[in-house]
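Before anything else, here's the structure in question.
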There are 2 protein chains.
Amino acid sequence: MNEADIDLLSLTAKLYYQDNLDQNAIANIIGVSRSTVSRLLARARDIGIVTISINHYAPRNLEVEEALCKYLGLQRAIVVRTFAEGNILNIRRTVGYIAAQAISEIIPNDSVVGTAGGRTIYDLVRYMQPRKTPSSAMVVQLMGNIGPRVGQIDAIEIAHTLAAKLGGVFYTMSAPVFAHDIQTRDLFLASPQVQELLRLFDRLQVALVGIGVLENSAFVERQILSPENAHELRLKGVVGEICGRFFDIDGSEVDTPYRDQVVGVSLERLIATKEVIAVTNGADRAEAICAAVRGGIVKGLVIDETGANAILEALGQKSLRTELH
Amino acid sequence: MNEADIDLLSLTAKLYYQDNLDQNAIANIIGVSRSTVSRLLARARDIGIVTISINHYAPRNLEVEEALCKYLGLQRAIVVRTFAEGNILNIRRTVGYIAAQAISEIIPNDSVVGTAGGRTIYDLVRYMQPRKTPSSAMVVQLMGNIGPRVGQIDAIEIAHTLAAKLGGVFYTMSAPVFAHDIQTRDLFLASPQVQELLRLFDRLQVALVGIGVLENSAFVERQILSPENAHELRLKGVVGEICGRFFDIDGSEVDTPYRDQVVGVSLERLIATKEVIAVTNGADRAEAICAAVRGGIVKGLVIDETGANAILEALGQKSLRTELH
DNA sequence: GGAGATTATGCACATATGTGCATGAAATTG
DNA sequence: CAATTTCATGCACATATGTGCATAATCTCC
């Protein structure tokens with residue numbers, strides 16, 4: 001690349017980005033085909049002759065992140081700025097998109113990663129950039145399947161996608177999340193396939209989990225639990241759920257009939273895992289999140305601004321960002 | 001525009017310019033139609049959330065411009081950087097495009113501007129940005145028409161275009177550049193239309209002129225002069241031509257049969273005009289340009305780098321920019 | 001200096017983008 | 001609070017842009 005080339009790139013860039021000529025007009029001036037103009041522009045961006053900067057831009061609310069770490073006692077918080085007009089679907093996508101890069105960075109190439117299901121996790125994993133070089137990561141499904149019909153937001157699907165993005169290996173849990181009874185559960189747990197997963201759980205470094213609440217439960221929606229079941233759980237003190245494990249306000253597992261039917265990672269195992277990151281959104285998860293953190297299950301959080309402020313309010317801190325309406 | 005709007009613009013800009021998502025993908029994330037994404041991006045650029053800068057970019061060679069002013073004694077020089085690969089057509093367009101803005105800036109809204117013909121002037125005027133508010137400029141055709149058949153690069157056409165760009169009034173010279181004989185010329189000069197032009201010449205503030213050379217003469221090309229005529233002119237010491245006026249190495253008008261047939265601005269008039277800017281390109285005009293400047297006709301110059309270096313070499317200065325080939 | 005490899009270019013196509021128009025929502029005025 | 005205006009949005013179309021492929025130009029190595 002000589003000086004004349006750089007002049008040409010600069011001229012092309014000026015005509016395009018400063019003077020707003022279209023590529024055809026530029027082609028006429030500098031005497032090349034329009035395709036070449038397109039390529040010259042790409043090159044000018046590439047080598048930094050053209051720099052595009054976005055001013056004052058902060059996709060995350062670092063202030064709130066710090067507050068969450070400080071007051072809630074998190075190791076890691078990712079609070080994604082959202083905008084008032086966004087509906088729930090778009091908020092989830094925005095959170096997923098912005099958090100994807102940060103989460104990808106905390107997953108080492110040789111790690112054992114577990115993942116559960118969830119709508120926000122779905123978007124997070126979906127928007128993750130594929131790793132340039134395949135990793136030796138092992139991606140483990142943390143909980144059994146909700147039903148035979150696999151939805152996009154189920155753990156199996158998400159673990160599969162995550163493995164593809166990381167270029168790693170996907171380990172599936174061939175079992176239902178709730179076995180019919182304790183004996184059946186033991187049969188599943190004793191199966192070689194599940195056994196291998198349980199051994200991987202011992203080496204778990206990063207876990208991505210959703211936070212379920214009874215008011216809006218995937219289990220009820222999928223007719224694994226009836227609304228009455230949910231109500232009973234509520235009465236027993238359940239405030240949230242992670243990987244099929246129901247916990248109370250202190251983050252301790254509640255003694256329910258389902259407790260001994262779950263095929264999936266145990267809360268103890270999650271408590272012993274360093275990076276357990278809850279990925280969620282919205283204000284209605286505040287209580288459950290606080291409980292899960294209190295119980296030592298969750299150490300990191302990915303959430304939207306509104307949800308984060310709800311948590312801070314629940315903690316008695318005033319919102320750090322005035323809500324715009 | 002509230003803070004949430006700015007967040008949204010910033011996010012959109014990041015997704016588009018930093019992450020290279022297409023507008024559809026962005027629309028899906030932020031929850032608006034793709035059209036709106038297009039509009040958001042335009043707005044983000046508009047209000048400066050996105051800034052696009054072109055580094056190290058210098059469309060003009062200021063060093064050579066200074067040298068021309070210093071050694072040739074110009075008031076004003078615009079030397080446009082060109083690139084080795086460009087053919088003559090593209091060099092002209094580049095010179096025209098880059099010089100257009102600078103020239104436009106030196107034409108006040110209320111001025112009397114004269115223009116002759118020429119290929120480079122054609123491109124210069126063509127690429128000039130139309131003035132936002134119409135001016136009261138008067139644009140005067142400095143010389144008669146070469147023939148009845150009007151070409152794009154003729155004075156009449158260029159003056160017309162320039163008037164349109166400035167939003168001013170166009171004054172045409174209803175006469176041939178060379179009358180048949182001195183009596184005919186006097187008839188043209190006596191006509192009220194030409195008289196009005198002559199009065200405007202007295203008020204001329206800016207003149208854009210081409211520089212003709214006999215080796216590559218528009219008059220020969222248009223069969224107004226024969227190659228033999230051109231050769232005779234050469235023998236009489238003609239090195240160049242401006243507005244149909246042939247001048248020698250000192251920039252003095254040469255006594256030729258054509259001298260008294262020209263219907264157009266006189267050299268004296270041009271000498272008395274402050275901003276007489278020659279607009280041209282290429283190395284073969286060096287001698288003629290030097291002569292015109294020496295004679296006090298031309299005070300400003302628009303030219304390409306190669307042409308500028310040829311002038312400096314002709315002046316005995318070494319080229320200020322090593323030619324890349 | 002010539003043969004092969006590498007790079008640059010243009011064409012043609014598929015995709016991405018900008019924009020006039022119609023519609024609906026929000027703001028403003030009486 | 002209704003009527004009117006203004007503004008924002010989506011649709012559909014025309015235009016602008018990026019890119020695989022074939023070809024031409026240039027470089028490299030012997």
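All chains are named by letter (A, B, ...) in the order of the sequence lines, taking the proteins before the strands, and each is independently numbered beginning at 1. Quick note: numbers below take in every heavy atom, side chains included, and nothing from hydrogens, waters or symmetry partners.
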Could you state the CG-P distance from A/Leu40 to D/dG18, rounded to the nearest angstrom?
11 Å
Of the candidates C/dA16, C/dG10, D/dA12, the side chain of A/Ser35 sits closest to C/dG10
Examine the base of C/dG20 for any acceptor or donor lying under 3.5 Å from a partner atom in the side chain of B/Arg39, and report the outcome as yes or no.
yes
Could you check A/Arg119, A/Arg222, A/Arg149 and say which one makes a salt bridge (charged side-chain N to carboxylate O under 4.0 Å, His left out) with A/Asp154?
A/Arg222
Report the distance from atom CG of B/Leu21 to atom P of D/dT17, rounded to the nearest whole Å.
20 Å
Ignoring the backbone of A/Gln23, work out which of D/dT17, C/dT17, C/dG10 is nearest its side chain.
D/dT17
Nearest 0.5 Å please: distance from the CG atom of B/Asn20 over to the NZ atom of B/Lys14.
10.5 Å
May I ask you to evaluate whether A/Tyr16 reaches the phosphate of D/dA16, defined as a side-chain N or O under 4.0 Å from OP1 or OP2?
no
B/Arg45 and B/Tyr17: side-chain donor and acceptor closer than 3.5 Å?
yes
Which nucleotide wins on minimum distance to the side chain of B/Thr36, given the candidates D/dG10, C/dT19, D/dT17?
D/dG10
Take the protein atom CG of A/Asp22 and the nucleotide atom P of D/dA14, then report the distance between them rounded to whole Å.
18 Å
Closer than 4.0 angstrom, basic N to acidic O: yes or no for A/Arg43 and A/Asp46?
no
Atom CZ of B/Arg45 to atom P of C/dT17: distance rounded to whole Å?
11 Å
Using a heavy-atom cut-off of 4.0 Å across all strands, would you classify B/Val37 as base, sugar-phosphate, or nothing?
nothing
Testing the basics here: between A/Leu41 and A/Ala13, what is the closest heavy-atom pair and its distance to 0.1 Å?
CD2-CA, 3.9 Å
How many Å lie between CG on A/Asp46 and P on C/dA8, as a whole number?
13 Å
Roughly, in whole Å, what's the span from CZ in A/Arg34 to C1' in D/dG18?
8 Å
Counting side-chain heavy atoms from C-beta on, which of D/dT17, D/dG10, C/dG18 comes nearest to B/Ser38?
C/dG18
Nearest whole angstrom, please: distance from the P of C/dT17 to the OH of A/Tyr17.
12 Å
Tell me: CZ of A/Arg43 to C1' of D/dG18, nearest whole Å?
17 Å
